[in-house]
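In what follows, a single structure is set out as structure tokens and then discussed.
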2 protein chains.
Amino acid sequence: MVETQLYVLHASICQTLANPKRLEIIDRLRKSEMSVMQLTEAMQISQANLSQHLAVMRQKGIVKTRREGLNVYYQLGNPKIVQACDLMREVLLEHLETGAELVRGKQEKESIP
Amino acid sequence: MVETQLYVLHASICQTLANPKRLEIIDRLRKSEMSVMQLTEAMQISQANLSQHLAVMRQKGIVKTRREGLNVYYQLGNPKIVQACDLMREVLLEHLETGAELVRGKQEKESIP
DNA sequence: TTACAATATTCGCAAATTCTAATATCGCGA
DNA sequence: TCGCGATATTAGAATTTGCGAATATTGTAA
């Protein structure tokens, strides 16, 4: 089944977005491109770790790069990424509204009727 | 930082979508609601495992349930989920077009310039 | 060519995920 | 109440992921 392969690839895209630091990177890059150094300074994260996250996103086409001397500038690879992230954030916020527990550590499970 | 917490929650939504089986479930539910039994028969997966996946998605508000006698019917909890999935699939397909390696196991890394 | 700054990669380990097997719960009819 | 079908939960092993530490690469200027 070719469908199965698509789900696997699709899941790997989601997996790439499934990290708070990477989401913050995306959020910062939506305003403008940034160099690795700029990102390192803006975020609380080591340069090596940042570079790892960027590599993961690069391989999935989520960000793309432009070199300028010693610096490498990262930008979003596809505007649809931002749209998808915004949609997911809306889903999150709507879910928080109808059951405002999650915000402060209460992990009350959603019950079945 | 309240932002950080949001990124963590957002990442957990993405994590929930980061599984091929769960994406297939979402894809099946977009057409119509289905009972656990119907899903079990339609997908190649054990009932226990399916139930686990459904529980994960339930807790994140991605699916919701309706009971009818012994059967529990699942449906999507928010139409925006489908939109987000479609967008991510477009990103995936566009990325595959510009570098058609991934499809057949060649994991050539995206290089920096 | 050498040195240095910016960035990337590799390695090893703790923590998180996923799956199967086994068990539990829930609703209904006899 | 008892038994059964549908669904849910738990436990444990195997795999994957995230991160720090160390090291490598790349581009530039002296």
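Note on naming: letters A, B, ... go to the chains in the order of the sequence lines (proteins, then strands), and numbering restarts at 1 for each one. Every heavy atom of this structure was used, including side-chain atoms; hydrogens, water molecules and symmetry mates were not. The structure displayed is predicted, hence computed values, not measured ones.
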Which is true for B:Asn71 with a 4.0 Å heavy-atom rule: it touches a base, it touches only sugar-phosphate, or it touches nothing? sugar-phosphate

Can you check the A:Met57 CE to D:dT17 C1' distance for me, whole Å? 16 Å

So, OP1 or OP2 of C:dA6: does either fall under 4.0 Å of a side-chain N or O from A:Arg67? no

Keeping B:Arg28 on the side-chain end and B:Leu39 on the backbone end, is there a donor-acceptor pair under 3.5 Å? no

Calculate the interatomic distance between A:Gln38 atom CD and C:dA5 atom P; express it in whole Å. 18 Å

Would you find a donor on one side and an acceptor on the other, under 3.5 Å apart, between the side chain of A:Ser51 and the backbone of A:Ala48? no

Between B:Tyr74 and D:dA6, does any side-chain N or O lie under 4.0 Å from OP1 or OP2? no

Between A:Leu50 (CG) and C:dA6 (P), how many Å, whole number? 14 Å

At less than 3.5 Å, do the side-chain atoms of A:Gln47 and the base atoms of C:dA8 form a donor-acceptor pair? yes

Does A:Arg58 have a side-chain nitrogen or oxygen under 4.0 Å from the phosphate oxygens OP1 or OP2 of C:dT7? no

For residues A:Leu92 and B:Leu6, determine if any side-chain heavy atom of one lies less than 4.5 Å from a side-chain heavy atom of the other. yes

Options C:dT9, D:dT7, D:dT9, nucleotide nearest the side-chain atoms of B:Ala48: D:dT9

Given D:dG18, D:dA8, C:dA8, identify the nucleotide with an atom nearest to the side chain of A:Leu54. C:dA8

Nucleotide C:dG27, atom C1' - distance to OH of B:Tyr73 in whole Å: 14 Å

Under 4.0 angstrom between B:His53 side-chain N/O and C:dT17 OP1 or OP2: no

From the candidates C:dA8, C:dT9, D:dG20, the one with an atom nearest any side-chain atom of A:Ser46 is D:dG20

I want to check something: taking the side chain as every heavy atom from C-beta on, are A:Asp27 and A:Arg89 in contact at a cut-off of under 4.5 Å? yes

Assess whether one donor atom and one acceptor atom, taken from the side chain of A:Gln52 and the base of D:dG20, lie less than 3.5 Å apart. yes

Is there side-chain contact between B:Ile62 and B:Val56, with at least one heavy-atom pair below 4.5 Å? no

Spacing of A:Arg66 atom CZ relative to C:dA6 atom P, expressed in whole Å: 17 Å

Take the protein atom CD1 of A:Ile25 and the nucleotide atom C1' of D:dG18, then report the distance between them rounded to whole Å. 13 Å

Can you work out whether A:Asn49 or B:Ile45 has the more 5'-proximal nearest nucleotide on DNA chain C? A:Asn49

Describe the nucleic acid contact of B:Ser51 in one word from base, sugar-phosphate, nothing, applying a heavy-atom distance below 4.0 Å. base

Of the options C:dT9, C:dA6, D:dC19, whose atoms approach the side-chain atoms of A:Leu70 most closely? C:dA6

What nucleotide among D:dC19, D:dA6, D:dA8 has an atom nearest to a side-chain atom of A:Asn19? D:dC19

Answer yes or no: are there more than 12 heavy-atom neighbours, outside B:Lys64 itself, under 6.0 Å from its atom NZ? no

Rounded to whole Å, please give me the gap between CE in A:Met37 and P in C:dA8. 11 Å

Taken to the nearest whole Å, CG/A:Leu39 to P/C:dA8 is 10 Å

